[in-house]
Each structure stands twice: as structure tokens, then as C-alpha cells.
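Note sheet for the following structure.
Every chain is numbered from 1, with letters handed out A, B, ... down the list of sequences.
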Amino acid sequence: MPGYGFPRKLRLTEPVQFKTVFNRADIKVSNRCFLILARRNELQHGRLGLVISKKNLPKAVQRNRIKRLLRAEFRLNQNLLDGLDIVILARSNMSSINNKTIAVNMAGLLSDLVRKSRAHVQSCS
RNA sequence: CGAGUCAGCCAGGCAACCGCUGAUACAAUUUCGUAUUGGAGGAAAGUCCGGGCUCCAUAGGGUAGAACGCCUGCUAACGGCAGGGGCGCGUGAGCGUACGGAAAGUGCAGCAGAGAGUAGACCGCCUCUAACUUUUGAAGUUAGAGGUAAGGGUGAAAGGGUGUGGUAAGAGCGCACCGCGCAGCUGGUAACAGUUUGCGGCAAGGUAAACCCCGUUCGGAGCAAGGCCAAAUAGGGAUCCUGAGGUGCGACCCGCACUGGAUUCGGGUAGGCUGCUAGAGGUGUUCGGUGACGAAUAUCCCAGAUGAAUGGUUGCUACGACCUUUUUUAGGGUCGGACAGAACCCGGCUUAUGGCUGACUCAAUUU
RNA sequence: GGCGCGGUGGCAGAGUGGUUAUGCAGCUGACUGCAACUCAGUGUACGCCGGUUCGAUUCCGACCCGCGCCU
């Protein structure tokens, strides 16, 4: 698995894919900024989907900013996340939080996620 | 230095690393690689107007409805813009202005007030009559009959203003001046302005962002328009309505086009391509015009995503604010950079918002 | 992205150019031994900013919210 790229095959692009993750989310991690749902897929790589609602972040600039930051975090940590379909949901009142805090938050959440997924794999096997 | 008015400009820069995406080329093959190159705004926003484009008939006629409304121009078009006029606001630079018609008709004006629309008599003023009081004449009080719009008071609004004559008291009732209306003349393309001209003699109150009248404009829907391909399925069953019918042109009638239509039962798909970015395009120069704008010419190609790209981290540096050093036209440190993200494309308007520059006005002070 | 509808007390819900009804809820009093029911009284509203008008919740314009429809 090379590098830190983020091509289209690493994204969830269809409603069916989102639905499977929502209906059978094996792993859940959250803090007061985000909620992460994840589930194992049959692929060699992870896939990312983002749910940033207009209700929680009314302005398009804010939504785009959050999405870019989340994609960057996924991109840089994707080697740890292979074989997982991940959906990240944003919670409200994110507009005042700056980029650095979000990065720190996400790093913590992703490490939690990795730990839980390993535990899940072991319990399954 | 302070308070303001108007106009214009910018939306920090460079580099490194990690990424996204369009186009082109080369490799390749099943969607991945390499190289080059492009990649948000002044408001991309609100969707308030106007157009292009697409379909409905090549968008036709009439009615209804809607919008607009000083004049002249600009424009593809506009409810926009430019120049000019009237009115209003401001000491001023300047700003605002839905600004046609109330002499075609209908309506409305609560409360207050005498009266609210072919005006009106509550108080007041005046005359006359009767009674009473005082009395030389005559005056006063009360009651009644009239006259009167000068004064008071009500109201958002009370049917010209000042003076003078006149009168019982008054009154455009007459006159002078001012104001007003109509006509003429002069200037101006026009709106309109001026007038030592003539006439009228004070009506024709307000409200048209009330109905309305006059003039001008407007067919409807919207790129989720529309077109193509693929996949799936049934060319299915039942009931009803009819041929002077039904459907479409999404208010109605005409007119035009098409030819069965509607309801229901059971079942299925909603994936891709295109539309899609070369345009009333940008930039520069010259010419015409007070200006909006137009013409000519040269040059450039300058976003095209679709769970939705245009970013993240770091360093240097410019700018601003604050703190500090005292080697003071300098050095060091900290913090900050607004509003906001294209979704078919343009022209405007409105709203949000950080800063810079220039011109001008007012006030105070200095020279 | 486009198109359309609405905003009136704590809640529902009429209305119109001239002091905004009504019901439920709340509070006070009466009735009761105490409550309920009932009766009487009471307070709180036209989303925000401008304009037209003597006067605007209503008419006009801009803004802010909320809701619906079209793939």
C-alpha cells in the first residue's frame, strides 16, 4: 500500500455503501466533536465517508474546511486503517474550533479506532 | 488634528514537503503511472429583477392578470445605469426621491370637533323684536328671529396671505402687492424654467404603495430544462367514458397540433453519457461621446466538481495592533488578517465584510 | 441547484388601514371540610428594519427565521 494518496477508490461514493456501514457498525468511537462508525470490508484498503450536516454547520465554508481536514487525517493515517469502511459524523458547534484542535482530536480518535478494530478482529477469530 | 461626503483600488507574497481535480501528451492496460499546464469571489451569497439557452406550435389573436410610470439617452434586456428637471433633507461637500391622472367615475377619513366635503353657527361679533333693571339720551341682562367665516377652540387636514376700502358686523364684496390657474411669448430635443404680456378672480381640499383611468411592457416552464445510450419489464388483467369526444399548448376563450382516454390490480427501473463551459468573454491601445456606452484593432484561452476538487503543515518575509529595549528614520517579542466557497451562463440590484489611496466640505487652531 | 408557502400571547387559532377576537394553559377570588366541576376577574402578542399614510399587524420594499415540492 503505497504513500499517502487519496484516490477515488478510497471513498464511499454510493448510498448503499453508507447504508451498510450505518446498519451494521461493528466499531464506534466518539468524542464531543465527532462520531466515527466503522465496519470491516473485504478489501485491502480502507474507505472513508463523511457526513457533515447543514444543521450542525450552516455555512458552506465551514463544512468544506472540516471535510478537508478530516480527509487529510485519514490520508496520513491510512496505513493503519486498511480493511475498514469508516463514516465520520460531525457534531454541532464546530465553527469556532481551529484546525490544530481538530487534528489533535482526530489523531486520538483514530488511535482509539485502531485499537478497537484489532480487538474486534481477535474476538472474531 | 477632529467630524463628515464622494470616488477608485486590493483581498499579502515566496519557497519546501504531503495531497485533490480538469485538459493535453506518452506509456500502458482496467483504471493505475509519468510529464507539462489550468484550478473560486467581490460579493461565488440572497434569488429580488432582466436576458441568453432548452422544451412546450415557428409563440399566433383576444380577455383576465402582473409589472412599470418626470424628461432625454445607454443597453440584448431591465424595476438597472448615465445626464438633466421638479420636490424634500443637510451650514456645506452632497444625499434621497413609486415623481402620470383627483377638471371620467366609485369609495375612505376612527376619536375629537359646530362643521370632514354641492361646507359649517358651539363660543364670539352685529342687527331686529319682546320682557326686565337702571335711566336724560341710552346702556345692560334674559329669551327669540336673523346676518356673519374676521377671532377662539377641535383635528393630520377647516375652502389663499398681508394691507386697505367697505360694512350693522363681516366677507375676493371691491382694490393694491404676493401667491395660484389658463393662454400667449422667450429659452430648452424634452421634462421644465423665465415673463414690466393678457385673461380669470380664488376655484379645482387629501388619499391612486384604495378601486380605477391613461400610457408602455410581459405566452408558460425551467439545466432536477432538454437529448442519447444501456438495463428491466407485459405488447398484462379488470372497470368506466365516449367520437358534436379526448389529450397537449399549466388562468380562460379562440386557434393550432395529435388520436382513443381515464381509474385501478400486480410487477420493475431510477445507472451512465451529453447539455458543460469560446462567451452580449477578458486584457491593452486608439477614436467618438459631458457620461452611461459604442466602434476599430492587437492579443489571450482563463474552474468545471458530482458523498461533490481548488487544501494541509512548516519556514522566510511584507502589513497592522500591543508590549518592550534604549545603539531611537533602529532592534526584539507576542498576537492578528474580515465577509465568505462556483454547480448552465451572463447584465444589474440588495445584503455581509477587512484595509489602502485620492478629491472635496464643515469646525477649531497655527502660520 | 431551482420553484413555492408561511411567521399574531406559554400553546392553538380568527381577523382587519383606526384600542387584535376566541379556546386551552397560568394566576387570583368565590363555591367546598379539602379538592374536582362551575362562576367571576386578571396578565402576557402582530418576526426585524425602512417607506407610503394623519395613522400600518394590514399596503410596498429589503432582511432574518421556519416549512414544503422537483432528481
Side-chain angles (χ1 to χ4, degrees):
Chain A
M1 194 67 216
Y4 303 103
F6 189 54
R8 188 149 294 279
K9 67 177 184 182
L10 298 187
R11 308 179 189 183
L12 299 175
T13 55
E14 294 195 17
V16 181
Q17 299 169 349
F18 277 84
K19 236 172 209 170
T20 53
V21 175
F22 274 110
N23 289 344
R24 287 181 293 156
D26 301 325
I27 307 156
K28 294 183 187 175
V29 188
S30 71
N31 65 0
R32 41 183 273 279
C33 298
F34 302 102
L35 168 67
I36 301 183
L37 306 177
R39 131 169 231 285
R40 299 213 69 80
N41 58 19
E42 306 303 319
L43 304 168
Q44 294 300 307
H45 51 78
R47 292 189 297 185
L48 177 69
L50 299 170
V51 177
I52 315 291
S53 75
K54 209 170 194 175
K55 206 171 185 180
N56 292 335
L57 283 159
K59 295 192 173 168
V61 172
Q62 297 295 335
R63 287 199 300 276
N64 287 339
R65 181 177 131 248
I66 297 294
K67 284 194 268 189
R68 284 172 192 141
L69 290 168
L70 294 182
R71 280 198 209 102
E73 286 300 316
F74 177 82
R75 200 162 57 67
L76 296 171
N77 295 301
Q78 62 179 274
N79 290 331
L80 306 170
L81 302 170
D82 44 335
L84 284 173
D85 279 352
I86 298 171
V87 172
I88 303 181
L89 294 93
R91 301 197 161 159
S92 54
N93 301 323
M94 296 278 302
S95 51
S96 57
I97 297 171
N98 62 23
N99 295 358
K100 222 162 216 176
T101 357
I102 287 175
V104 169
N105 264 317
M106 279 308 297
L109 277 178
L110 287 177
S111 64
D112 277 4
L113 179 63
V114 168
R115 221 174 331 105
K116 282 201 180 180
S117 79
R118 288 199 181 128
H120 186 70
V121 166
Q122 284 173 7
S123 72
C124 280
S125 61

Decide, for [N], between syn and anti: a glycosidic angle within 90° of 0 counts as syn, anything else as anti.
N	value
B/A318	anti
B/G42	syn
B/C302	syn

Going hydrophobic residue to hydrophobic residue with side-chain gaps under 4.5 angstrom, can you get from A/I52 over to A/V61?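 Looking at the clustering, A/V61 is in a separate group from A/I52.
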Does any nucleotide pair with [N] by Watson-Crick or G-U wobble geometry, both distances under 3.5 Å, and what is it?
N	result
B/G205	none
B/C128	B/G144
B/G153	none
B/A25	B/U34
B/G12	B/U317
B/C53	B/G222
B/G113	none
C/U52	none

Side-chain donor-acceptor pair present, A/R65, A/Q62, cut-off under 3.5 Å: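 Yes, because at least one side-chain N or O of A/R65 sits under 3.5 Å from a partner of the opposite role on A/Q62.
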Going by salt bridge (charged side-chain N to carboxylate O under 4.0 Å, His left out), name the residues that satisfy it together with A/R118, two or more places apart in sequence or in a different chain.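 Partners of A/R118 by the salt bridge (charged side-chain N to carboxylate O under 4.0 Å, His left out) criterion come out as none, since no residue qualifies.
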Go through the steps to decide whether A/I86 and A/I36 satisfy the test side-chain contact (heavy atoms from CB on, under 4.5 Å), and finish with yes or no. CA-CA 7 Å; A/I86 298 171; A/I36 301 183; 3.6 Å; yes
Let's see if you can work this out: which of B/A342, B/A340, B/G311 has an atom nearest to the side-chain heavy atoms of A/K59?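 So the nucleotide nearest the side chain must be B/A340.
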Would A/R71 and A/L50 count as a side-chain contact (heavy atoms from CB on, under 4.5 Å) here? Give the steps. CA-CA 9 Å; A/R71 280 198 209 102; A/L50 299 170; 4.2 Å; yes
Separation of atom [atom1] in [X] from atom [atom2] in [N], rounded to whole Å:
X	N	atom1	atom2	value
A/R47	B/G307	CZ	C1'	13 Å
A/N77	B/G312	CG	P	18 Å
A/I66	B/A308	CD1	C1'	17 Å
A/R75	B/U21	CZ	P	11 Å
A/R65	B/A340	CZ	C1'	13 Å
A/I52	B/A309	CD1	C1'	16 Å
A/L50	B/A308	CG	P	6 Å
A/K67	B/A308	NZ	P	6 Å

Integer angstrom distance from the [atom1] of [N] to that of [M]:
N	M	atom1	value
B/U75	B/G348	P	15 Å
B/G250	B/A64	C1'	16 Å
B/C89	B/U195	C1'	31 Å
B/C95	B/G73	P	25 Å
B/G206	B/G117	C1'	11 Å
B/A298	B/G80	C1'	32 Å
B/C199	B/G151	C1'	36 Å
B/U297	B/A15	P	40 Å

If you define the side chain from C-beta out and look only at heavy atoms, does anything of A/M106 sit under 4.5 Å from A/I88?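 Heavy-atom side-chain distance check passes, below 4.5 Å.
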Just wondering, do A/I66 and A/L70 contact through their side chains at under 4.5 Å, heavy atoms?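 A side-chain contact under 4.5 Å exists here.
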Starting from the C-alpha separation in whole Å, work towards a yes-or-no answer on side-chain contact (heavy atoms from CB on, under 4.5 Å) for A/V51 and A/V87. CA-CA 7 Å; A/V51 177; A/V87 172; 3.9 Å; yes
I want to check one thing: is the phosphate of B/A308, taken as OP1 and OP2, less than 4.0 Å away from some side-chain N or O of A/R71?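 Answer yes for this pair, as a side-chain N or O of A/R71 is under 4.0 Å from OP1 or OP2.
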Assess the residue pair A/L84 and A/R40 against the criterion (side-chain contact (heavy atoms from CB on, under 4.5 Å)); give the C-alpha distance rounded to whole Å, side-chain angles, the decisive distance to 0.1 Å, and a yes or no. CA-CA 5 Å; A/L84 284 173; A/R40 299 213 69 80; 3.7 Å; yes
Please write out each protein N/O paired with an N/O of nucleotides 38-47 of chain B under 3.5 Å, distance rounded to 0.1 Å.
none

Heavy atoms under 4.0 Å, any strand shown: does A/A72 hit a base, just sugar-phosphate, or nothing?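 No contact at all - A/A72 keeps every heavy atom at 4.0 Å or more from the nucleic acid.
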Need to verify one output field. Residue with the more 5' nearest nucleotide on RNA chain B, A/G49 or A/L76?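 Per heavy-atom nearest nucleotide, the more 5' residue is A/L76.
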Do A/R47 and A/D85 sit within salt-bridge range, that is, some charged N less than 4.0 Å from a carboxylate O?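 Yes, this pair counts.
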